[in-house]
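Taking it in order: structure first as structure tokens, then the write-up.
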Amino acid sequence: MADGVLLHGWPALYLNTQWANYHTSAPLVSGMLPADDPLCRRLVDATAEVVAALPAAPGVLPFHAELFHTPDDEIVLCEIACRAGGAGIVEVHELSFGLNLYQAGLLGQAGRSDQVRWHEPGPAHGHGWFLPRAGTLRRIPEHCPLPGAVRYRTSGVPGRHYPGPRSANDSVAQLIFALPDTHDLPGALRTVQDWWLDAVCWD
């Protein structure tokens with residue numbers, strides 16, 4: 001965004017709620033909505049309205065917004081903050097648009113907003129942040145065999161006891177993945193979640 005105008009944005013879907021991430025250690029799995037999903041345009045337009053309603057800040061600034069899509073088909077703002085989103089959002093965005101949101105913010109603050117550029121969306125991507133459970137980690141997969149896997153990294157240590165997640169962005173493993181060309185986004189995200197839940201073991 002710049003000067004109260006939404007310049008660029010793309011909505012993504014969380015498979016689980018962040019309440020479930022934090023309180024039940026449900027995997028934080030998210031993926032970009034297809035361009036022709038009816039919600040895609042509605043979410044972008046709703047976000048633009050929120051940005052326009054807030055005090056305008058000069059220069060290009062990254063931000064993230066979270067919105068609810070209610071059972072009665074309303075779009076309701078949860079939060080908006082003047083920083084790039086957490087977990088794998090920045091990496092996913094750069095893979096799909098060639099735009100690093102951290103770099104864009106630094107260029108904007110340096111008065112070089114004219115150097116911020118992105119391209120039309122390429123293949124859609126998603127991320128999985130796999131949170132620690134309260135217990136002892138017994139087994140963690142060393143690699144991800146899913147065909148769309150772009151980067152998989154572990155930090156969890158088998159045999160170590162964990163107190164559970166301290167935030168929704170805590171993790172013992174992280175995955176960046178390309179999404180298949182499908183209109184069943186929840187199904188694609190569940191495939192990632194199911195792989196993880198089958199492969200990891202906790203006591």
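For the numbers below, each heavy atom of this structure counts, side chains included, while hydrogens, waters and symmetry mates do not.
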Side-chain heavy-atom pair P165, N21 within 4.5 angstrom cut-off: no
Should Q103 and E94 count as side-chain neighbours, where that means a heavy-atom distance under 4.5 Å? no
Among the clusters formed by ILVMFWY side chains lying less than 4.5 Å apart, do V60 and M1 turn up in the same one? no
What residues form a side chain to side chain contact (heavy atoms under 4.5 Å, CB included) with A84, not counting sequence neighbours? P62, V90, L101, Y102
Can you name the residues that form a side chain to side chain donor-acceptor pair (under 3.5 Å) with D203, not counting sequence neighbours? R138
Side chain to side chain contact (heavy atoms under 4.5 Å, CB included) for Y162 and V172? Distances and angles first, verdict last. CA-CA 10 Å; Y162 291 83; V172 294; 4.0 Å; yes
Sequence neighbours excluded, every pair satisfying salt bridge (charged side-chain N to carboxylate O under 4.0 Å, His left out) that has a member inside residues 97-122: none
Going only through I, L, V, M, F, W and Y residues with side-chain contacts under 4.5 Å, is there a path from L54 to L77? yes
Who are the side chain to side chain contact (heavy atoms under 4.5 Å, CB included) partners of D198, not counting sequence neighbours? none
Any side-chain heavy-atom pair of V51 and F63 under 4.5 Å: yes
Sequence neighbours left out, what passes side chain to side chain contact (heavy atoms under 4.5 Å, CB included) with A56? Give chain and number order. none
Any heavy-atom pair between the side chains of P27 and L131 that's under 4.5 Å? no
Kindly state each residue pair satisfying ring pair (Phe, Tyr, Trp, His ring centres under 6.0 Å) with at least one member in residues 12-55, sequence neighbours excluded. W19-H23
Residue pairs passing the side-chain hydrogen bond (donor to acceptor under 3.5 Å, both in side chains) test with at least one member in residues 140-155, sequence neighbours excluded, are E91-R151, R153-Q174
Taking side chain as C-beta onward, heavy atoms only, is W195 less than 4.5 Å from P141? yes
Any sub-3.5 Å donor-acceptor pair from R139's side-chain atoms to A199's backbone N or O? yes
Nearest atoms (heavy-atom pairs only) where W118 meets L7: CZ2-O, 3.5 Å
Atom pair CZ/OG1 of R133 and T24 - distance to nearest 0.5 Å: 8.5 Å
Under the side chain to side chain contact (heavy atoms under 4.5 Å, CB included) rule, what do F130 and L197 come out as? Steps first, then yes or no, please. CA-CA 9 Å; F130 304 112; L197 294 177; over 6 Å; no
Can you give me the closest heavy-atom contact between A12 and S30, atom names plus distance? CB-OG, 3.6 Å
Nearest heavy atoms of G135 and W202, plus distance in Å: O-CZ3, 3.9 Å
Sequence neighbours left out, what pairs pass salt bridge (charged side-chain N to carboxylate O under 4.0 Å, His left out) with at least one residue falling in residues 95-106? none
For the CG atom of L107 and the CD atom of Q115, what is their distance to the nearest 0.5 Å? 5.5 Å
What's the shortest heavy-atom distance between L185 and G31, and which atoms? CD2-O, 3.6 Å
Under a 4.5 Å side-chain heavy-atom rule over Ile, Leu, Val, Met, Phe, Trp and Tyr, are V150 and L28 clustered together? yes
Pairwise distance CG(L6) to CD(E49) - rounded to 0.5 angstrom: 11.0 Å
Report yes or no: do L95 and L175 belong to one cluster of Ile/Leu/Val/Met/Phe/Trp/Tyr joined by side chain heavy-atom distances under 4.5 Å? no
Do L67 and V92 belong to the same hydrophobic cluster, where Ile, Leu, Val, Met, Phe, Trp and Tyr are linked whenever their side-chain heavy atoms lie under 4.5 Å apart, directly or via other members? no
Among pairs that include at least one residue of residues 78-98, which meet ring pair (Phe, Tyr, Trp, His ring centres under 6.0 Å), considering only residues two or more places apart or in two chains? H8-H93, H8-F97, W10-F97, H93-F97
Nearest-0.5 Å distance, CE of residue M32 to NE2 of residue H125: 8.5 Å
Would a distance-only check, ignoring hydrogens and angles, find a side-chain to backbone donor-acceptor pair under 3.5 Å from S171 to W129? no
Of all heavy-atom pairs linking A65 and T47, the shortest is CB-CG2, 4.2 Å
Pair V157, L137 - check side chain to side chain contact (heavy atoms under 4.5 Å, CB included), show working. CA-CA 7 Å; V157 179; L137 179 61; 5.7 Å; no
Inter- and intrachain pairs under salt bridge (charged side-chain N to carboxylate O under 4.0 Å, His left out), touching residues 21-46, at least two apart: R41-D45, R42-D73
Kindly write out the residues that satisfy side chain to side chain contact (heavy atoms under 4.5 Å, CB included) with A188, not counting sequence neighbours, or none if the list is empty. L179, P180, T182
State, to 0.1 Å, how close A46 and I75 come at their nearest heavy-atom pair, and which atoms those are. CB-CG2, 4.0 Å
Measure from the side-chain N and O atoms of S96 to the backbone N and O of P123, and report whether any donor-acceptor pair falls under 3.5 Å. yes
Just how far is it from atom SG of C144 to atom CZ of F177, taken to the nearest 0.5 Å? 9.0 Å
Residue pairs passing the salt bridge (charged side-chain N to carboxylate O under 4.0 Å, His left out) test where at least one lies in residues 159-176, sequence neighbours excluded: none
SG of C40 to CG of L33: how many Å apart, nearest 0.5 Å? 5.5 Å
